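If you read the sequence from its start, that first residue is 1, and numbering goes on from there. One-based numbering, in listed order, for ligands and for the atoms of each. No experiment lies behind these values; they were computed from the predicted model shown.
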Amino acid sequence: MGLQNPLCFFLPILCVMLLNQPSNGASTAAYTTARPYSARMADSIILRGQAILESQNDSSLLLQVGVFQTALLDLIESPSGHYMEQNWETYISRSTDSVVGVVDNATQDTNLPLDRLSVGSGLFYLYGKTGTSIYKNTLAALRTSIDLQPRNMFGGLWYYVYPNWSYLDGMFSLLSFYPLYTSHLDIGNMTEVNNDLFHQIELLWEHCYDETTGLLVHGYDATKTASWANPTTGASPIVWDRALGWFMMGLVDLLELTLMDSRVATWRSRFVDLANAIIQAVDPTSGCWWQVMSAPGRSGNYIEASGSAMFTYTLYKGVRLGLLQDTNLQANYTSVAARAYRSLVDRFVVENRDGTLSYNGTVSVCSLNSSANYEYYVTQPLAYDSVLGSAAFVRASIEYELQHGTLYK
Ligand SMILES: *[C@@H]1O[C@H](CO)[C@@H](O)[C@H](O)[C@H]1NC(C)=O
Ligand SMILES: *[C@@H]1O[C@H](CO)[C@@H](O)[C@H](O)[C@H]1NC(C)=O
Ligand SMILES: *[C@@H]1O[C@H](CO)[C@@H](O)[C@H](O)[C@H]1NC(C)=O
Ligand SMILES: *[C@@H]1O[C@H](CO)[C@@H](O)[C@H](O)[C@H]1NC(C)=O
Ligand SMILES: *[C@@H]1O[C@H](CO)[C@@H](O)[C@H](O)[C@H]1NC(C)=O
Ligand SMILES: *[C@@H]1O[C@H](CO)[C@@H](O)[C@H](O)[C@H]1NC(C)=O
Ligand SMILES: *[C@@H]1O[C@H](CO)[C@@H](O)[C@H](O)[C@H]1NC(C)=O
C-alpha cells in the first residue's frame, strides 16, 4: 500500500504532517516512523556502526565505506536528506578517518582491490570542507596507486592481485575517483586521464560482452589461461548481477558529469543498450533480477538484493538524466524501476522493533579466484545487512523518492 504524493517532494515536512495527522497527539512518533526509506536505511546503517574500519586489517570493508559515503552525499543533496536523524557529517568524518591510515601509501594500495578508490568520496568531501593536508595527501596516494597498479597486455588494470585479470566490479570505484581527482587536483592531465578511463571500460566491453544476453560477464583474463577463461576472449562464463550493477552505477554516475570527450556519445549509446538488456532480463514474477543473470529461473538461482537495487538506481537515474526515454510499455524504464523498487521493499527490507531497517538477500562475495561456474555463484552465502546491498538500496530509494515522492507502507 504505497502512497505517492508530489507534495512530498516539494514540501516534505508539511507532507508528513498532513499525511500523518496524529489522532492522539503523538506527533513525534508519527514523524519518525513516516520518514522515507532512504533516510531510514541510512540512519540504520549508521546506528549499526557499519562501514567504518576498526583496524588496518579491515581493508575488505573499503568498498562498503565508499559506497555508503556516496549514498550519504547523494542523500544530503536530495529532499529526502531532511529526514535523516543521525549525524551524517560526523559519520563521514569518522569513516574517512578510519580509512586514511589504510590507504595513504600508494605502493601498499596496489595490494588492495581497485575498490579502495571508492573512499575518495569522503576524502574529497572532507578536504573541500577542511582543507586539511592529510586528506589531500591520501587522495594523492590513491591517485598515484592507479599509476602503480599492474596492468595486463592491453593496458587493462588488474582488479586485484590476480595477474592480468580485469573485472567489472572495480569500475564503480575507478569511475567515481578518477574524474573527481583530476578535475579538482590535476586538471592539466584531463585528456590523459580520460584516455585511460575510457580505455578501461572499452576493454571490458570488448572482452566481457555476452552476445546471448547483451549484458557483460563478470571479468576476463587477458592471457586466457584461467580455468574459466573463454578461449577467444578470456571472458569468465557468468553474468553476475552485482558485478554488472557496479559497472552500471559507475557508468551512469560518469555520464552525469560534463566530460568534453568524443567517446561520451558511444558510451551513452552503450548505456542505453545495456539498460535495454537489463530490462529484458528482469524476472517477470518478482520484478527484480537474478543472481546469475545469464541463467534466469535455473534451479538454485535466486533474486539477489544488491544487484537489483543497483539496477533500480541506474534505471531511475538514467531516465532523470535524459539518457533513457520512456517510450511505451515495451520500453518503459520507469515502470520497470518502480516495480523493482516496490519488490525490493517487500522482499528485502525488514522492519526491526527498534524502528531501524535491515536489508536481506545480498550475496556476500563472488570471486573469479574460484571455479567461476554456475554452481559457485549460486552457493555463496547471503550476508544479512550487507552494506553493499543496503547502501545501494539507499541510492535506489533516493531516486524513487525524487520521482514519485515518499513510499509509505
Ligand atoms: C589486525 O591489525 C592489528 C594492527 O592494526 C594487529 O595487531 C592484529 O594482529 C591484526 N589482527 C588480525 C586478525 O590479523
Ligand atoms: C610505503 O610502503 C612501502 C612498501 O611497504 C615502503 O617502502 C615506503 O617507505 C612507504 N612509503 C611511505 C611514504 O611511507
Ligand atoms: C601477464 O601478462 C603478461 C603480459 O602482459 C605476461 O608477461 C605474464 O606472464 C602474465 N602473467 C601471468 C601470470 O600469466
Ligand atoms: C597523467 O595521467 C596519466 C594516465 O593515468 C599518468 O600516467 C600520468 O602519470 C599522469 N601525469 C601526472 C602529472 O600525474
Ligand atoms: C511509464 O511508466 C510510468 C510508471 O508506470 C508511467 O507513469 C508512464 O506514463 C509510462 N510512460 C509511457 C511513455 O508509457
Ligand atoms: C532473509 O532471507 C532468507 C532467505 O530468503 C530468509 O530465510 C530469512 O527468513 C530472511 N530474514 C529475515 C529477517 O527476513
Ligand atoms: C585464491 O584461491 C585460493 C584457493 O582457494 C586460495 O588459497 C587463495 O588464498 C585465494 N587468493 C586470495 C588472494 O584470496
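- By the definition of a contact as any protein heavy atom under 4.0 Å away, atom 14 (O) of ligand 7 is in contact.
- Between His404 and Tyr316, the distance from one ring center to the other falls under 6.0 angstrom.
- Taking only non-hydrogen atoms, the option from Asn360, Thr362, Val350 nearest to atom 11 (N) of ligand 6 is Asn360.
- Nearest to atom 1 (C) of ligand 2 by heavy atom, out of Asp104, Asn137, Asn105, is Asn105.
- Looking at atom 12 (C) of ligand 7, its nearest protein heavy atom turns out to be Tyr162 OH, 3.1 Å.
- Note on Asp169 versus Arg242: no salt bridge recorded, every NZ/NE/NH1/NH2 to OD/OE distance being 4.0 Å or above.
- Distances from atom 4 (C) of ligand 7 to the protein include no heavy-atom value under 4.0 Å.
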Please determine whether ring-ring contact (aromatic ring centres under 6.0 Å, His included) holds for the pair His207 and Phe154, giving the CA-CA distance in whole Å, both sets of side-chain angles, and the decisive distance to 0.1 Å.
CA-CA 11 Å; His207 291 265; Phe154 306 113; 4.9 Å; yes
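- Note on Asp196 versus Arg151: salt bridge recorded, some NZ/NE/NH1/NH2 to OD/OE distance being below 4.0 Å.
- Per-residue contacts place Tyr384 under 4.0 angstrom from the following atoms of ligand 6 (heavy atoms of the residue considered): 13 (C).
- Contact annotation for atom 9 (O) of ligand 7: protein absent (non-hydrogen atoms, distance under 4.0 Å).
- For ligand 7, the polar-atom distance check against Asn369 finds a nitrogen or oxygen pair separated by under 3.5 Å.
- Checking side-chain atoms of Asp210 against main-chain N and O of Val217 turns up no donor-acceptor pair under 3.5 Å.
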Go through Tyr37 and Tyr83 one step at a time and tell me if the ring-ring contact (aromatic ring centres under 6.0 Å, His included) criterion holds.
CA-CA 10 Å; Tyr37 283 111; Tyr83 291 95; over 10 Å; no
